[in-house]
Amino acid sequence: MALHIYNSYVRTKELFEPHTEGHVGMYVCGPTVSGESHLGHARPYITFDLVYRYLTAKNYKVRYVRNITDAGHFEEEGREAEDKVSKKAQIEKMEPMELVQKYTNLFHWAMKQFNCIEPSIEPTATGHIVEQIGMIEDIISKGYAYEVNGSVYFDVKKYATTHDYGKLSGRVIDELLDANNRAEVSRALDGQQEKRDTADFALWKAAPPEHIMRWKSPWGEGFPGWHIECSAMATKYLGAQFDIHGGGMDLLFPHHESEIAQSTICNHTAPVKYWMHNNMITINGRKMGKSYNNVIKLTELFSGNHPLLAQAFHPMTVRFFILQSHYRSTLDFSSEALTASEKALKRLWDAHVILQKMPVTPDAVAQDVELDSKINHWLSEFEVFMDDDFSTPKVIANMFEMAPIINAMKDGLIASNAISSYTLQLMKDKFVLFLEQIFGLQDISNNSNSILTPVMELLLEIRKEAKASKDFATSDKIRNQLTAMGIVIKDEKDGNTSWGLA
RNA sequence: GGUCCUUUGGCCGAGUGGCUAGGCAAAGCUCUGCAAAAGCUUCUACAGCGGUUCGAAUCCGCUAGGGACCUCCA
């Protein structure tokens, strides 16, 4: 089975064939660092981290580019717009780059919490003003952009005569061009009246005098338009044609549609072979987003400090929660759903740890052939499911099929020789590969405290002695007090006692 | 208004026309001095109506609800 990816551009699953054999170029739209990341942002980064990890596991050499949008017309969260541009505000508050640095750092921190691998290149928009200006000049020289009052706009109407503008997002070009005739759509957008057509989009915006983020350009001082940075940086680092472009579904239009148009004019070829779009995380069925005022910031999620949260959630719980649904489905958030994921992950991870500790007897033959073959079947499906457009929920379901078997083997309810040594070893290897390396999950417990370990050994030794002499008052006291402190102990079937932080 | 998507058991969530996904919760049982954990068992749902088909959660139509995009938005 070979990897198939759902390509938004053709709305169907396609066999994945990279442009250059063995190599993959992947571009993912990164964060706009004018504010703190929220749960909704976590989804694309975790989704494409998974894609990156899986492609790597399939021995592709992947160049993963994810940008930082740190330029443009944006405001810091929670501040008045006019504040931002007033001179006094400039002195009192942060430098634009200071603000951008703050949220970039916070974003990187969150990605680390989620165990997302850093991209190969993380270019910033402000670091590529030169490339963006160059690209805009190129588009003008080719006759697909025009300058008005220091701003430059892309000529969508002209582009649409020879290209399929709107194909990616399913837009009908005539409707876009007619948009100015319809009251509902025409909004008080800045500079709308200077465009030749409302469907045209900005490549470069002239900066009003009070605007603090500004760069010199052939058209005067200003800042780049909203889509050109991705075209410029993707072209620079991945070439005129690359394999995968990822991002949220809400970026389909106009962002990605415009990206295609810009790059196509400059490079004489469509830039991307496979467009991948993750769906949204919702709350009560409604998209989590700034506009809806229903966001849960990642810092709030990890601390539990939000009215909608019954408790704090570990980043791995969130990661697992996201992997439990398919990336193209909406995922409805609730505190209860996350709690369910937390318990599920703990159960699965416990089984994983138990599995990895199991000794493999060399050359053991399966005594239960049926069980042995079932396990082999489940394991072989891991790749099949992943190759089918990254069906992580199905892989997880198969893992849960094996969890009771692993636990039963540990407790002696299933004989340890029921499955062959080959199968046991394979199961160990696949769990490590998929759970840790591809899903990027990590141990959620925190038992690595060096002083606590010998102390616990001592306590458990005392408790064991108390139990041996039927002094249950003492043994229960130890257990109950530890439970109250957040340390859970379990008497195992083999007479030993395990412990862990709750 | 346009374009598109969606509606699965108490909750979350997979589902490629035929064979109980899975998780969480709940109930019963087993193992434990008691717990916890674990194991076993139970809970067979696909918005409504109609159609196609030997057979539909899955395809088609209509109705109803929800949502996304059309504007910065993951």
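In this text the structure is predicted, and so the values were computed from the model without any measurement. So that the names make sense, note that chain A is the first sequence line, chain B the second, and so on, each numbered from 1.
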Look at all strands and tell whether [X] reaches a base, only sugar-phosphate, or nothing, counting heavy atoms closer than 4.0 Å.
X: A:Lys343; result: sugar-phosphate
X: A:Lys394; result: sugar-phosphate
X: A:His277; result: nothing
X: A:Ser329; result: sugar-phosphate

Point to revise | Cation-pi check, A:Lys467 onto A:Phe472 ring (under 6.0 Å, within 45° of axis) | key: no
Exercise for review: May I ask you to establish whether A:Arg53 and A:Phe439 are in a cation-pi arrangement, using a distance under 6.0 Å from NZ or CZ to the six-membered ring centre and at most 45° from the ring axis?
Suggested key: no
Check your understanding: Given that A:Glu336 and A:Pro44 both sit by RNA chain B, which one's nearest nucleotide is further toward the 5' end?
Key -> A:Glu336
Check your understanding: Do A:Pro123 and A:Val65 come within less than 4.5 Å of each other through their side chains, counting heavy atoms only?
Key -> yes
Practice item. Look at the side chain of A:Phe400 and decide which nucleotide, out of B:G15, B:G23, B:C73, has an atom nearest to it. Key: B:G23
Revision key, fill the gap. Which of B:C24, B:C70, B:G13 is nearest the side chain of A:Asp332? It is B:G13
Review point. Can A:Phe472 be classed as stacking with the base of B:G33, given a centroid separation cut-off of 5.5 Å and a plane angle cut-off of 30°?
Key: yes
**Study point:** Option passing side chain to side chain contact (heavy atoms under 4.5 Å, CB included) with A:Tyr327 (candidates A:Val51, A:Asp389, A:Thr392)
**Key:** A:Asp389
